[in-house]
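Convention: sequence-line order gives letters A, B, ...; per-chain numbering from 1. What's counted below: heavy atoms across the whole structure, side chains too, no hydrogens, waters or symmetry copies.
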Amino acid sequence: MPELPEVEVVRAGLAPAVTGARIAGVTVHDDRALTRHTGTAAEFEGALTGRLMTAAARRGKFLWLPLDGGEDALIGHLGMSGQLLLRAAGSPPERHERIRLDLQHPVHGEVAVVFADQRTFGSLAIDQLILTPDTAAGGHGDARALVPRQVAHIARDPLDPAFDERRFRAALARSRSAIKRVLLDQGIVSGIGNIYADEALWAARIHPETTAERVAARTVTRLLAEVRAVLEKALAEGGTSFDEQYVNVNGEAGYFAHSLNAYGRTGQPCPRCGHAIVRVSFMNRSSHYCPHCQRLR
DNA sequence: GTTTGTTCCTGCTAGC
DNA sequence: TGCTAGCAGGAACAAA
């Protein structure tokens, strides 16, 4: 499940291969990979062919590759199972391959970027770049104050130097939703998914169903610190891989799954107090927490 | 305006 | 062995 660390690993892997590369050809195998694109697959292929990519940028879980001219970008979201893989030119089709870009790079020569996606929740699109309201860089990987229109409503992530902590605190203070739901709301803070929400709440000793407005200011400080710590540690370990659903651009898995304290550890002892981690249904998904050290007050 | 629930999708696994 | 139900979950949208 690609969250911020996994998407950042992919962005960093793509950057050297796509920056300065020209798109020699585009093949759309499955239209469902274009759900965020306005236009047909043929129009998508035609609009990209011949264009030069100038960077690889990311905000939260959204990626984008700005195109020459500075007015638009190829944007991507990996959804649950999307992969962006770097392959040799002419390599055989990947399992669940949806879109292939054939690139001509001035240093690396001919390479292919393959978008593969088992569950088809991910997609690519061409989107217009617009100015950021705060004039800071639109995302990590491109210093310009530009962001794709479809990404403009996404809040900055907690590792972004321009992350607006006051806005985050204000959103919590006026929300009667569960704190976990707020952490998963990409319009309030981006990059956090189910895994890292559970891990950060465990580390901060906060019950996932605690009403956001009832979380004390000093506890929010602790939570933000734990969110950043868990994201940075996962990033350092190459992200979290449970199966083949998340890999970097070379198809390699990350190691953070070995460092999880709560997520996916139902029935196993809490590393802090030894009580069994429980799993409850939450928002059509699962929450994992320690009922002893994450109490609902 | 805010909050909560539904939908999209495929592959794996447990249970019968 | 084969079938079915349940599960995984990001984000947009619908409904309350």
[X] with [Y]: basic N within carboxylate O range, under 4.0 Å:
X	Y	result
D127(A)	R149(A)	no
D157(A)	K61(A)	no
K233(A)	E237(A)	yes

So, OP1 or OP2 of [N]: does either fall under 4.0 Å of a side-chain N or O from [X]?
X	N	answer
T120(A)	dC8(B)	no
Q118(A)	dG11(B)	no
R119(A)	dC12(B)	no
H77(A)	dG10(C)	no
H96(A)	dC9(B)	no

d([atom1], [X]; [atom2], [N]) in whole Å:
X	N	atom1	atom2	result
K61(A)	dA12(C)	NZ	C1'	13 Å
N194(A)	dG10(C)	CG	P	6 Å
H288(A)	dA8(C)	NE2	C1'	10 Å
R36(A)	dA11(C)	CZ	P	7 Å
F282(A)	dC7(C)	CZ	C1'	18 Å
R279(A)	dC7(C)	CZ	C1'	8 Å
I192(A)	dA11(C)	CD1	C1'	15 Å
D31(A)	dC8(B)	CG	P	18 Å

Contact list (N/O, under 3.5 angstrom) for nucleotides 2-4 of chain B vs protein:
residue: dT3(B); atom: OP1; partner: R176(A); partner atom: N; Å: 2.7
residue: dT4(B); atom: OP2; partner: S177(A); partner atom: OG; Å: 3.2

Take R181(A) and D185(A) through the test side-chain contact (heavy atoms from CB on, under 4.5 Å) and record every step on the way to the result. CA-CA 6 Å; R181(A) 186 164 190 128; D185(A) 187 337; 6.0 Å; no
Atom CD1 in I126(A), atom CD in Q150(A): separation rounded to 0.5 Å? 11.0 Å
Can you confirm whether the side chains of S190(A) and R58(A) place a donor and an acceptor under 3.5 Å from each other?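 Judged by distance alone, the side chains do not pair up.
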What I want to check is whether the side chains of T219(A) and R214(A) have a donor and an acceptor closer together than 3.5 Å.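 Absent: no donor and acceptor within the cut-off.
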Please identify which of these residues, V26(A), I99(A), L103(A), meets the side-chain contact (heavy atoms from CB on, under 4.5 Å) condition with V113(A).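 It is L103(A), the one option of V26(A), I99(A), L103(A) that forms the side-chain contact (heavy atoms from CB on, under 4.5 Å) with V113(A).
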Those residues that, when tested against R32(A), pass side-chain hydrogen bond (donor to acceptor under 3.5 Å, both in side chains) (two or more places apart): D30(A)
Given Watson-Crick and G-U pairs under 3.5 Å, DNA chain C in dot-bracket ([ ] crossing, | other strand) is .|||||||||||||||
Touch class at under 4.0 angstrom, heavy-atom based, for S286(A) against every strand present: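 Result for S286(A) = sugar-phosphate.
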I'd like to know if Y196(A) and L184(A) are part of one continuous hydrophobic network [Ile/Leu/Val/Met/Phe/Trp/Tyr, side-chain heavy atoms within less than 4.5 Å].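 As far as the 4.5 Å side-chain criterion goes, Y196(A) and L184(A) are not connected within one cluster.
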From the list dC9(B), dA12(C), dC12(B), which nucleotide is the closest neighbour of the side chain of F62(A)?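 Within the option list, the nearest is dA12(C).
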Can you check whether any acceptor in the base of dG10(C) is under 3.5 Å from a donor in the side chain of R285(A), or vice versa?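 A donor-acceptor contact between them is present.
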When you compare the protein's N or O atoms with those of nucleotides 14-16 of chain C, which come within less than 3.5 Å of each other, and at what distance?
none

Suppose clustering is done on Ile, Leu, Val, Met, Phe, Trp and Tyr with side-chain heavy atoms closer than 4.5 Å. Which residues sit in the same group as L52(A)?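 Via sub-4.5 Å side-chain contacts, L52(A) links to none.
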Under the ring pair (Phe, Tyr, Trp, His ring centres under 6.0 Å) test, which residues partner H37(A), sequence neighbours left out?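 Testing H37(A) for ring pair (Phe, Tyr, Trp, His ring centres under 6.0 Å), a comparison that skips the adjacent residues, returns F44(A).
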